[in-house]
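Structure record follows, encoded as structure tokens.
Along the sequence shown, residues are numbered consecutively beginning with 1.
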Amino acid sequence: MKACRVAVVGAGLAGLYAARTLHASGIDVIVLEARHRLGGRILTADEAGMPAEDGFDLGPSWYWPQMQPPMETLIGELSLHSFAQNSEGDVIIERMSRETPQRYQPIMADQQSMRLSGGMASVVRALARDVPADRILCDATVTAMSLSDTGIELTVKTGRGSSDILQAEQVVAALPPRLLEATVSFSPEQDKATAACWRDTATWMAPHAKFFAVYDEPFWRTAGLSGTAQSMVGPLVEIHDATTASGKAALFGFPGVGADQRAALGEETLKQACLAQLSKLFGSAALKPRAVLLKDWAADPLTATAADRVGGGHPLPGNSQWVSGLWKDRLILAGSETSPSEPGYLAGAVVAAGRAVADILSKIDSR
């Protein structure tokens, strides 16, 4: 049986931030990640859809420095380079299918959306570098947790198909509460009210998809367009310039059709419909992409549950007691959705993980 002081379940932003901080504090930590890659909902991919060190953000791509100081502080601490989301040029509004889309000069937003050179996965790589490689285990799916006299025993299914047991004094569950409730069995069971709270907490991004069209050059900029568009016609309802800091040109948009409708349409049909819409909005050059990408988060079993296929509400900040009863002293939830501020966002993951670490360190200091 393996053992550690703290087990962190999930190697997204929250999990890696917690692990890095705990390791820096001299705490023996092991990170368990069900995917074969790090990052969770952060996924920077090349035009073939494979994880890349310079690519397109199929998950979150922005942060807002003025509104989200924890994220801005982390970016500075990691010495990462940020750049502003392109907003130069006109925006396009598409109101009705029988009308020509209209161009407007945008009213400049007070809060500038920022992106990272190399994609948002650069945060993931930077955090992971500060945790010993042998303490981060991928293809390691936690299927069960049992309370023991000294902590929690975690049942971990490995990529080889076998199961291992890990003993930890404390566990940080750095994944969405709804996903935790749906995929991990507990002995003893969680209180019914606690389980219901987890189940009822919407997972941000889980119902949604992102479509990318990659081009040889950002032709819309030459035409005086910012790449930003809003549509009441669809299938894409919101479109932005996704060109990278290194100059790889792309447009991306959020399909407005629900998860079940996307599944019924099929990936190829949806991609062709999205390209046809981009052509209508930005001209015939949009019909000649180098590549197209579609990431449907609702179809990702390590992000979404069946409950996520309907609705797309943003988790609301609250003061929920995320863990109660016998589990309260051993299990801490740190997914972004549990943050008292900016839940669901990248900044929420930083805040939630920071609170979890502070909780663990205070418990250790009091012993």
(message) Using only atom types and a distance under 3.5 Å, with no angle test, would you say the side chain of Asp296 pairs donor to acceptor with the backbone of Ala298?
(response) yes
(message) Side chains of Thr194 and Ser324 only: does a donor on one sit below 3.5 Å from an acceptor on the other?
(response) yes
(request) Report the relative orientation of the aromatic rings in Tyr345 and Trp64; use parallel for angles under 30°, tilted for 30 to 60°, perpendicular for over 60°. (result) perpendicular
(request) Using distance alone, with no hydrogens and no angle criterion, decide if Glu94 and Ser231 have a side-chain donor and acceptor under 3.5 Å apart. (result) yes
(message) Going by ring-ring contact (aromatic ring centres under 6.0 Å, His included), name the residues that satisfy it together with Phe186, two or more places apart in sequence or in a different chain.
(response) Trp198, Trp327
(message) Please check: side-chain N/O of Ser122 versus main-chain N/O of Gly118, any donor-acceptor pairing under 3.5 Å?
(response) no
(request) Pick out which of Val31, Leu22, Val357 makes a side-chain contact (heavy atoms from CB on, under 4.5 Å) with Val6. (result) Leu22
(message) Within the 3.5 Å criterion, strictly below it, is a donor on Gln68 or Glu342 matched to an acceptor on the partner's side chain?
(response) yes
(request) Consider only side-chain N and O atoms of Gln167 and Thr150, and report whether a donor and an acceptor are under 3.5 Å apart. (result) yes
(request) Heavy atoms only: give me the nearest His23-Asp130 pair and the separation to one decimal. (result) CD2-O, 3.3 Å
(message) Test your reading of the model: is there a side-chain donor-acceptor pair from Lys248 to the backbone of Asp54, 3.5 Å cut-off?
(response) yes
(request) For the residue pair Ser336 and Trp204, confirm or rule out a side-chain donor-acceptor distance under 3.5 Å. (result) no
(request) Say whether, by atom type as modelled, one donor and one acceptor occur between the side chain of Arg135 and the main chain of Ala19 under 3.5 angstrom. (result) no
(message) According to side-chain hydrogen bond (donor to acceptor under 3.5 Å, both in side chains), who are the partners of Glu99, at least two apart in sequence or on a separate chain?
(response) none
(message) Parallel, tilted or perpendicular: which one describes the rings of Phe212 and Phe56, with boundaries at 30° and 60°?
(response) tilted
(message) Checking side-chain polar atoms at under 3.5 Å, does Arg125 have a donor or acceptor matched by the opposite partner on Thr44?
(response) no
